[in-house]
Novice: 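Have a look at the structure that comes next, please.
Since the model is a prediction, treat every value here as computed from it, not as a measurement. Count residues from 1 along the sequence.
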Amino acid sequence: MDILKSLGHPEEIFNLFKFKMGGCRTVMPKLDYESMSDSLRTCYLYLNQTSRSFAAVIQALDGELRHAVCIFYLVLRALDTVEDDMSIPLDKKVPMLNDFHTYLYQDEWSFSESQEKDRQVLEDFPTYCHYVAGLVGIGLSRLFSASQLEDPEVGRDTELANSMGLFLQKTNIIRDYLEDTQEGRAFWPQEAWSQFAGRLEDLAQPEKLESALSCLNLLVTDALRHVPDVITYLSRLRNQSVFNFCAIPQVMAIATLSLCYNNPLVFQRVVKIRKGQAVTLMMEATNMRAVQTIITQYSQEILQKVSLTDPSRDKTLHILALIREKSALSQSSLPSRTHHLSPMYLSAAMLLAALSWQYLSTTAAQAQGTNDMQGQ
């Protein structure tokens with residue numbers, strides 16, 4: 001869900017949200033902490049300390065699923081902390097990652113040596129995206145099915161679940177080119193950028209603009225390959241809270257790709273969708289018909305930007321045609337009734353906007369920490 005970094009300041013989003021809703025207020029369901037076991041309360045304590053915004057989104061899920069996703073998130077954050085920390089020697093890190101599942105059953109196990117620094121350069125793009133995002137999609141899908149809020153098919157189809165994660169992760173990587181390269185991180189796949197430049201950071205040079213755009217469009221086209229799977233996956237969901245949880249980041253992603261496609265600004269500054277646009281997407285993406293309309297809209301926007309001379313033109317046109325065909329086919333099989341947007345589900349969508357707050361808070365804290373260290 002890192003794609004929701006592309007929103008703006010949460011107070012501005014909230015004001016826009018109230019304006020669009022005519023000033024109405026909505027109430028999120030609150031957890032009954034008193035009825036929880038001590039260990040489960042501790043999990044939510046850690047969750048709120050780690051990511052208040054994700055804690056809010058998880059609370060919007062129905063029933064016991066929220067507890068499972070809470071624990072799932074904490075385990076993944078712990079694994080990610082170890083994997084990202086380049087200060088841990090490999091002879092210690094690799095056994096720790098391999099044995100991490102056993103630590104879950106050891107009450108006294110802990111690790112306090114992590115410094116969680118930036119990731120090392122990874123050249124195996126598909127494998128990297130699969131492990132950091134695809135497996136998350138698979139794990140969540142299995143939880144959705146195990147909770148019986150969704151059919152067993154949702155958890156069994158690992159290919160579709162993997163695509164859900166890959167689409168978000170690839171979009172994040174595409175959008176964050178400038179920020180990552182300026183901080184010494186290289187996530188664009190070498191197989192792609194080496195066709196257009198000697199070094200990844202060279203793409204930001206003005207004289208390399210044509211090559212940079214060709215590389216950018218190639219990566220956007222690669223990400224779009226997952227959209228037909230996204231449509232199929234979302235069309236299988238039946239529980240409203242799960243649908244919101246899954247659909248909103250996906251429509252944010254395709255809106256972001258539309259903004260990035262053939263856009264020189266990707267190499268000059270942070271590219272973000274407008275705040276009002278973000279709120280509208282969150283409010284609308286609560287049923288399958290609306291999601292398909294959104295996907296069709298942004299696919300059409302990308303189509304209008306395809307250059308006659310772009311090296312990836314044929315591939316881009318092909319995948320856009322597949323998306324259009326898939327969306328039309330799925331719409332024809334949907335029930336004719338229209339889902340109405342209830343206040344509860346609007347609340348769930350609003351909480352997704354709070355994800356941006358976590359990003360802004362974390363960035364500010366990191367910047368302050370860096371300044372403090374430099375002052376010393």
Novice: Between N287 and A290 (side chain of the first, backbone of the second, donor and acceptor by atom type, cut-off under 3.5 Å), is there such a pair?
Specialist: yes
Novice: Is a donor from one side chain sitting under 3.5 angstrom from an acceptor on the other, for T171 and T256?
Specialist: no
Novice: Spell out, as yes or no, whether a donor-acceptor pair under 3.5 Å connects the side chain of D157 to the backbone of L160.
Specialist: yes
Novice: Classify the side-chain pair E150/S145 by whether it contains a donor and acceptor separated by less than 3.5 Å.
Specialist: no
Novice: Are L178 and V270 side-chain neighbours, meaning at least one heavy-atom pair lies under 4.5 Å?
Specialist: no
Novice: Which pair of heavy atoms, one from W193 and one from C215, lies closest together, and at what distance?
Specialist: CA-SG, 3.6 Å
Novice: Check this for me: Q205, atom CD, are more than 12 non-hydrogen atoms of other residues, nucleotides or ligands nearer than 6.0 Å?
Specialist: yes
Novice: For the pair Q250 (side chain) and L168 (backbone), establish whether a donor and an acceptor sit closer than 3.5 Å, ignoring hydrogens and angles.
Specialist: no
Novice: Look only at the side chain of E325 and the backbone of L320, and say whether a donor-acceptor pair between them is shorter than 3.5 Å.
Specialist: no
Novice: Does any N or O in the side chain of S327 come within less than 3.5 Å of the main-chain N or O of R324, such that one atom is a donor and the other an acceptor?
Specialist: no
Novice: Using 0.5 Å steps for rounding, measure from the OG atom of S211 to the CG atom of L216.
Specialist: 12.5 Å
Novice: Just by modelled atom types, is the R236 backbone N or O under 3.5 Å from a matching donor or acceptor in the R238 side chain?
Specialist: yes
Novice: How far apart are the closest heavy atoms of G155 and R142, and which atoms are they?
Specialist: O-CG, 3.6 Å
Novice: For F196 and A192, work out which heavy atoms get closest and say how close.
Specialist: CD1-O, 3.3 Å
Novice: With heavy-atom distances below 4.5 Å as the criterion, would you say the side chains of Y177 and F187 are in contact?
Specialist: no
Novice: Would you call the rings of W188 and F267 parallel, tilted or perpendicular if under 30° counts as parallel and over 60° as perpendicular?
Specialist: perpendicular
Novice: Please answer whether the main-chain N or O of S258 pairs with a side-chain N or O of K305 as donor and acceptor at a distance below 3.5 Å.
Specialist: yes
Novice: Could you measure the distance from the CG atom of L322 to the CG atom of L317? Nearest 0.5 Å is fine.
Specialist: 11.0 Å
Novice: Between CD of Q297 and CD1 of I302, what distance do you get to the nearest 0.5 Å?
Specialist: 11.0 Å
Novice: Starting at CG of L97, measure out to NZ of K93 and round the result to the nearest 0.5 Å.
Specialist: 7.0 Å
Novice: Any donor-acceptor pair under 3.5 Å linking the side chain of N217 with the backbone of L213?
Specialist: yes
Novice: Using 0.5 Å steps for rounding, measure from the CD1 atom of I174 to the CG atom of L219.
Specialist: 5.0 Å
Novice: Go through the steps for R175 and V266 under the test side-chain contact (heavy atoms from CB on, under 4.5 Å), then give the verdict.
Specialist: CA-CA 7 Å; R175 181 203 59 210; V266 171; over 6 Å; no
Novice: Looking at CD of E210 and OG1 of T309, how far apart are the two atoms once the value is rounded to the nearest 0.5 Å?
Specialist: 6.5 Å
Novice: Any donor-acceptor pair under 3.5 Å linking the side chain of D151 with the backbone of V154?
Specialist: no
Novice: Step by step, work out the side-chain contact (heavy atoms from CB on, under 4.5 Å) result for T286 and N244.
Specialist: CA-CA 6 Å; T286 57; N244 290 351; 3.7 Å; yes
Novice: By salt bridge (charged side-chain N to carboxylate O under 4.0 Å, His left out), which residues pair with R199, not counting sequence neighbours?
Specialist: E201, D202
Novice: If you compare all heavy atoms of L257 against all heavy atoms of F167, which two are closest, and at what distance to 0.1 Å?
Specialist: CD1-CE1, 3.4 Å
Novice: Any idea which heavy atoms bring I248 and A285 closest together, and the distance?
Specialist: CG1-O, 4.1 Å
Novice: Answer whether the closest heavy-atom distance between the side chains of P228 and T232 falls below 4.5 Å.
Specialist: no
Novice: Would you mind reporting whether C246 and M164 have side-chain heavy atoms less than 4.5 Å apart?
Specialist: yes
Novice: Given salt bridge (charged side-chain N to carboxylate O under 4.0 Å, His left out), test K315 with D222 step by step and report yes or no.
Specialist: CA-CA 9 Å; K315 292 181 179 179; D222 176 69; over 6 Å; no
Novice: Of the non-hydrogen atoms in M288 and S235, which two are nearest, and what is the gap between them?
Specialist: SD-N, 3.6 Å
Novice: Tell me yes or no: between the side chains of S312 and T221, is some donor less than 3.5 Å from an acceptor?
Specialist: no
Novice: Applying side-chain contact (heavy atoms from CB on, under 4.5 Å) to R225 and K170, what does each step give before you reach the verdict?
Specialist: CA-CA 11 Å; R225 292 190 301 107; K170 289 182 178 182; 3.6 Å; yes
Novice: Side chains of F144 and L65: closer than 4.5 Å at any heavy-atom pair?
Specialist: yes
Novice: Let's go through V279 and M283 carefully: what are the C-alpha distance in whole Å and the side-chain angles of both, what is the deciding distance for side-chain contact (heavy atoms from CB on, under 4.5 Å) to 0.1 Å, and is it a yes or a no?
Specialist: CA-CA 6 Å; V279 173; M283 292 172 59; 3.8 Å; yes
Novice: Output all residues satisfying ring-ring contact (aromatic ring centres under 6.0 Å, His included) with Y298, sequence neighbours left out; order by chain, then residue number.
Specialist: none
Novice: Answer yes or no: is there a side-chain heavy-atom contact under 4.5 Å between I273 and L281?
Specialist: yes
